[in-house]
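The figures that follow rest on heavy atoms only: side chains count, while hydrogens, waters and symmetry mates do not.
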Amino acid sequence: MSSPPDARRLNRGESQERVAGKWGDKLGAENWKTKKVLMFCVAPPESEAKMNITKGGLVLFSANSNSSCMELSKKIAERLGVEMGKVQVYQEPDRETRVQIQESVRGKDVFIIQTVSKDVNTTIMELLIMVYACKTSCAKSIIGVVPYFPYSKQCKMRKRGSIVSKLLASMMCKAGLTHLITMDLHQKEIQGFFNIPVDNLRASPFLLQYIQEEIPDYRNAVIVAKSPASAKRAQSFAERLRLGIAVIHGEAQDAESDLVDGRHSPPMVRSAAAIHPSLEIPMLIPKEKPPITVVGDVGGRIAIIVDDIIDDVDSFLAAAETLKERGAYKIFVMATHGLLSSDAPRLIEESAIDEVVVTNTIPHEIQKLQCPKIKTVDISMTLSEAIRRIHNGESMSYLFRNIGLDD
């Protein structure tokens, strides 16, 4: 900080009495030594005002090298009234990911929007490298906006596998992420894998609004859970729309066999006498497929199947066939994340499903061209509002109104 004007004059040989006369109105000329200390420790009002000016701002980046994945970023930027930050993300000939940030981020709030493409592992590396680049460029805070959190299905230990969601969360935190905004995690407990704040936003208000505005006879509808595992989500929709609920039970997928992973191997003992007869461990009764049943009346009704992810559509197609057999005359499928992998568009087009409604957390423009039944709901409004509130230091509770523990 530069010296006060009087101090500079003093350094040029000006008399102490002249300087004391200018500053002595409040301090008194007799305490010159005290005045001299204060002149160098207390900044004049003009300098103090300049120091209080905040130089930080908001920078919005898209970490995708695939142009088809940038539509959501552009919509968020348009709603916020800001321009996208200048950055280059591309793949080297050897498939290494390279990120070049082309503007200063020092002391700024950086928001990195990353939508998951078909190459999910490249998507993750793009995000991690950009986060680390912002960290080493002295960004004030680095907030990841990841509407669909990849590897969210691998959030539980299965046999000798691993909890990949925990690994990914640790990698993001280690790279330098200070906050995460996501939407409809496959399991809410994934938030506990992070040691940074996580805002798990909900897409259900937009899907509920679509039902009310785009399905004319929705009062004659019933909310369907295609398995008992998704019954809580179906109950949440049904209670908000004041509709009935139905649950499809039975024809569950085969439980993963434990025969091949060594769990049924006999203990390593030299003789059978080494095992005491009273120490035999009881075995769990194996599961058996029950006959398929629909708990709830769907006859002559519109059936709306709700879930968080629609990827492999076989279970949805089987549920639609069952509901048709039970008398449902129209079938809708609603989900937050539309991965729609492999032949999903073709299978949906040939199925009994009338319409599939998903949000734009994942780009699926190609799938929509292949299947006109696929409709999109835009959720950029809630993401942009979350970004605005975090940047301005406002409460996020507004975005979680009327959301209970089971939602």
Side-chain angles (χ1 to χ4, degrees), residues 148-149 151-159 161 163 165 183-192 200 202-204 207-208 211 218 221-258 284-299 301-328 330-341 344 347-348 351-353 356-358 403-407:
Y148 170 67
F149 188 74
Y151 286 97
S152 59
K153 291 182 179 180
Q154 299 187 47
C155 60
K156 296 179 180 179
M157 178 66 75
R158 298 195 182 277
K159 297 183 182 177
I163 306 176
S165 295
M183 182 165 282
D184 281 341
L185 288 169
H186 187 57
Q187 296 289 340
K188 294 189 291 295
E189 291 76 12
I190 293 176
Q191 296 174 83
N200 182 29
R202 304 297 196 273
S204 51
L207 298 175
L208 291 168
I211 293 173
Y218 83 92
V222 59
I223 306 299
V224 179
K226 67 180 179 65
S227 67
S230 56
K232 280 188 176 181
R233 180 179 295 269
Q235 180 183 359
S236 175
F237 273 68
E239 290 176 352
R240 283 170 167 78
L241 293 170
R242 278 63 171 172
L243 299 176
I245 183 174
V247 180
I248 299 176
H249 179 58
E251 293 297 329
Q253 294 182 354
D254 288 327
E256 296 180 5
S257 176
D258 292 331
L284 192 65
I285 299 173
K287 291 181 179 179
E288 195 173 307
K289 284 185 179 180
I292 192 164
T293 56
V294 178
V295 182
D297 182 23
V298 297
R301 314 279 289 278
I302 299 172
I304 303 175
I305 305 173
V306 296
D307 212 336
D308 61 329
I309 300 173
I310 175 168
D311 184 10
D312 182 10
V313 297
D314 290 341
S315 58
F316 290 92
L317 303 183
E321 290 294 335
T322 301
L323 294 171
K324 277 288 186 183
E325 293 173 2
R326 299 299 194 278
K330 206 171 235 187
I331 299 171
F332 290 81
V333 174
M334 312 202 81
T336 302
H337 310 294
L339 275 68
L340 301 171
S341 304
L347 295 173
I348 292 172
S351 71
I353 298 173
V356 173
V357 183
V358 292
I403 293 178
L405 294 175
D406 294 333
D407 291 328

Tell me the closest heavy-atom pair linking Ala344 and Val313, and the distance in Å. CB-CG1, 3.7 Å
Kindly indicate whether the side chain of Asp314, heavy atoms from C-beta on, has any atom under 4.5 Å from the side chain of Leu347. yes
Spell out, as yes or no, whether a donor-acceptor pair under 3.5 Å connects the side chain of Gln191 to the backbone of Lys188. yes
Starting at CG of Asp312, measure out to CG of Leu339 and round the result to the nearest 0.5 Å. 11.0 Å
Suppose we screen for salt bridge (Lys or Arg N to Asp or Glu O under 4.0 Å). Which residues come up paired with Lys153, at least two apart in sequence or across chains? Asp311
Just wondering, more than 12 heavy atoms not from Lys324 lying within 6.0 Å of its NZ? yes
In short, Ile353 meets Ala320 closest at the heavy-atom pair CG1-CB, 3.7 Å
Pro290 side chain near His249 side chain, heavy-atom distance below 4.5 Å: yes
If you measure from CZ on Arg158 to CD1 on Ile163, what distance do you get to the nearest 0.5 Å? 10.5 Å
Assess the residue pair Asp297 and Val222 against the criterion (side chain to side chain contact (heavy atoms under 4.5 Å, CB included)); give the C-alpha distance rounded to whole Å, side-chain angles, the decisive distance to 0.1 Å, and a yes or no. CA-CA 8 Å; Asp297 182 23; Val222 59; over 6 Å; no
Donor-acceptor contact below 3.5 Å, side chain Asp184 vs main chain Thr336: no
For residues 230-243, tabulate all N or O donor-acceptor pairs below 3.5 Å that involve a side-chain atom, not counting sequence neighbours.
| unit_1 | atom_1 | unit_2 | atom_2 | d |
| --- | --- | --- | --- | --- |
| Ser230 | OG | Ser227 | O | 3.1 |
| Gln235 | NE2 | Glu239 | OE2 | 2.9 |
| Ser236 | OG | Arg240 | NH1 | 2.8 |
| Ser236 | OG | Asp407 | OD1 | 2.9 |
| Arg240 | NH1 | Asp407 | OD1 | 3.4 |
| Arg240 | NH2 | Asn402 | O | 2.5 |
| Arg240 | NH2 | Asp407 | OD2 | 2.9 |
| Arg242 | NH1 | Glu239 | O | 3.3 |
| Arg242 | NH1 | Arg240 | O | 3.1 |

Which heavy atom of Val298 sits nearest a heavy atom of Ala246, and at what distance? CG1-CB, 3.9 Å
Less than 4.5 Å apart, any side-chain heavy atom of Phe332 and any of Ile211? no
Return the CD1 to CZ distance between Ile248 and Arg326, rounded to the nearest 0.5 Å. 8.5 Å
Rounded at 0.5 Å granularity, tell me how far CG in Leu185 sits from CD1 in Ile309. 9.5 Å
From Ile310 CD1 over to Lys226 NZ, what is the distance, rounded to the nearest 0.5 angstrom? 9.0 Å
With rounding to the nearest 0.5 Å, note down the distance linking CZ in Phe316 to CG in Leu323. 12.0 Å
Determine the minimum heavy-atom distance between Arg202 and Met183, stating which atoms define it. O-CE, 4.1 Å
